[in-house]
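Residue numbers start from 1 in every chain, and the chains themselves are labelled A, B, ... in the order their sequence lines are given, proteins ahead of strands.
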Protein chains: 2
Amino acid sequence: MSLRHAVLAALAQGEASGYELAKRFDVGVANFWSATPQQLYRDLERLEQDGLVSARVVEQSRRPNKRVFVLTTAGREELRAFGERPAKPPAMRDEFLVKLQAVDPERPEAILAAATERIGRSREKLARYDQLRERMLAGRDEDQFLRESDQVGPYLTLMAGRMYEQTNIRWATTVLETLTNRHAGVRGTSG
Amino acid sequence: MSLRHAVLAALAQGEASGYELAKRFDVGVANFWSATPQQLYRDLERLEQDGLVSARVVEQSRRPNKRVFVLTTAGREELRAFGERPAKPPAMRDEFLVKLQAVDPERPEAILAAATERIGRSREKLARYDQLRERMLAGRDEDQFLRESDQVGPYLTLMAGRMYEQTNIRWATTVLETLTNRHAGVRGTSG
DNA sequence: CCCCTATAGTCAACTAGTTGAATAGGTGCG
DNA sequence: CGCACCTATTCAACTAGTTGACTATAGGGG
């Protein structure tokens, strides 16, 4: 159960309700750990039972009340201990690559569309990451930030996401070119 | 259940036994879809029951007999249809990034060790990918290969893995530098 | 002969993740 | 005033993935 630790790490950046956490996961953590809101709520329950987080209800007038979660001392300690243990190798699940693996170069239409969409999504992500980055840097330059800030972890993981999306765009672009050239070539020789 | 399709895609590159498939997943497909041998055997059973693959026993004298699986026509058709459907967004699970997210810059030792190991693993993967690449190209240059071969899919997914590992190495190297500089700096000002 | 490694596969128990729906208050639009 | 959408959460059922142990054959080294 490692989502636990991803949740603890996310809460280490500041308290949050389940709903807020879901969004935090969606924009930031989703890079390296994906989870649905249901999963988050469920794991928050368990973390609370285990005393690693504590909740308090915040009454709101303009919207429904919410339960805000904070790390407890035990939670911080568990997170620290987790950091010392060896990490499992990363796991990926990418349907697009499965589809591409099996693509018939004579009928690349669906893959071409999917690749185009993928590039679009990567660009959007990149734009969001760049915004987040500016907000983190808050005017400082990167070197200064990395020397001073307490938020180096989130910055470095954000950079991982950023570089990943950049690579992805470059790669998907060559896929697009390769498959269109090839398809054009086939039509050229047969028509 | 999408491992089904990853298995079908892997079998599209040629028949294999469960054991061989496990290795194929380990070196090639693991990039974009991870699975344990147990999972593969289980899914192969199901795929056989559903008539998407068929098995035959190959008697071997120097080692235990094996069951070799091939795609059936229905399997090929399912794989083709799968390729037309929209792909789910990729999902990642990377413990190292969780640990980095929550790292205390004053105690970066464990993360530094993990980052170093990660770079090593990426280099090994890269070396294996490059070997696979040479084998695929078989003397041809890339352009010629991409114009002629039936294996463009596997080549392009291999390139995704290759670029991913290269990016990973570059990124992890900056992480290493950032954290060591920072730690040296702290010791310098306090000692 | 014993142990180690590789091939080849199976079983059972468990944990984690996905999907779909339901509840409930509030805001903004036409 | 009804409908869509956002905040905020929960429940239940299901599917997928992980862990650990276990069976078997065969080859090589000491």
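A ring pair (Phe, Tyr, Trp, His ring centres under 6.0 Å) check over residues 34-57 of chain B, counting only residues at least two apart or in different chains, returns nothing. Under the ring pair (Phe, Tyr, Trp, His ring centres under 6.0 Å) criterion, the residue pairs touching residues 70-114 of chain A are H5(A)-F82(A), with sequence neighbours excluded. For residues 112-159 of chain B, the pairs satisfying ring pair (Phe, Tyr, Trp, His ring centres under 6.0 Å) are F145(B)-Y155(B), with sequence neighbours left out.
With sequence neighbours excluded, the residues that form a side chain to side chain donor-acceptor pair (under 3.5 Å) with E117(B) are R121(B). By the side chain to side chain donor-acceptor pair (under 3.5 Å) test, E45(B) is found to be paired with R67(B), residues two or more places apart in sequence or in another chain being considered. Remark: Y164(A) pairs with Y164(B) by the ring pair (Phe, Tyr, Trp, His ring centres under 6.0 Å) rule, at least two apart or across chains.
For R4(B) and dG17(D), the CZ to P distance is 12 Å, given to the nearest whole Å. A straight line from CH2 of W33(A) to C1' of dG17(C) spans 12 Å, rounded to a whole angstrom. Between R46(B) atom CZ and dG17(D) atom P the separation is 9 Å, expressed in whole Å. Distance CD (E59(B)) to C1' (dA8(C)): 14 Å, rounded to an integer number of Å. Counting to the nearest Å, the P atom of dG17(D) and the CG atom of D43(B) are 7 Å from each other. As rounded to whole Å, 15 Å separates atom C1' of dT10(D) from atom CD of E48(A). We find that CG of N65(B) is positioned 9 Å from C1' of dT25(D), with the value rounded to whole Å. Between the C1' atom of dG17(D) and the CE atom of M92(B) lies a distance of 18 Å, rounded to the nearest Å.
Through direct or indirect side-chain contacts shorter than 4.5 Å among Ile, Leu, Val, Met, Phe, Trp and Tyr, V68(A) is connected to V58(A). V70(A) forms part of no hydrophobic cluster, judged by ILVMFWY side-chain heavy-atom separations under 4.5 Å. Counting Ile, Leu, Val, Met, Phe, Trp and Tyr side chains that sit under 4.5 Å apart, directly or through other members, V57(A) stands alone, with no cluster partners.
Counted by atom type alone, E95(B) and S2(A) present one or more donor-acceptor pairs between their side chains at under 3.5 Å.
The side chain of R93(A) contributes an N or O atom lying less than 4.0 Å from OP1 or OP2 of dG17(D). Between Q60(A) and dA8(D), a side-chain N or O to OP1/OP2 separation shorter than 4.0 Å is present. Applying the 4.0 Å criterion to OP1 and OP2 of dT10(C), one finds that Y41(B) has every side-chain N and O outside that range. OP1 or OP2 of dT18(D) has at least one side-chain nitrogen or oxygen of Q39(B) nearer than 4.0 Å. Contact between the side-chain N/O atoms of K88(A) and the OP1/OP2 oxygens of dT19(D) is found at a separation under 4.0 Å.
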Contacts under 3.5 Å, N or O only, protein and nucleotides 23-26 of chain C:
from, atom 1, to, atom 2, distance (Å)
dG26(C), O3', R62(A), O, 3.1

Pull out every protein N or O sitting under 3.5 Å from an N or O of nucleotides 11-14 of chain D, one pair per line with the distance.
none

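Contacts between residues 7-30 of chain B and DNA chain C, counted as heavy-atom distances below 4.0 Å, involve S17(B), G18(B), Y19(B), K23(B).
Nearest to the side chain of L3(B), among dG17(D), dG9(C), dA8(D), sits dG17(D).
Of the charged side-chain nitrogens involved, at least one lies within less than 4.0 Å of a carboxylate oxygen, so that E15(A) and R56(A) count as a salt-bridged pair.
A donor-acceptor pair is defined here as one N or O able to donate and one able to accept, closer than 3.5 Å; no such pair exists between the side chain of S34(B) and the backbone of A91(A).
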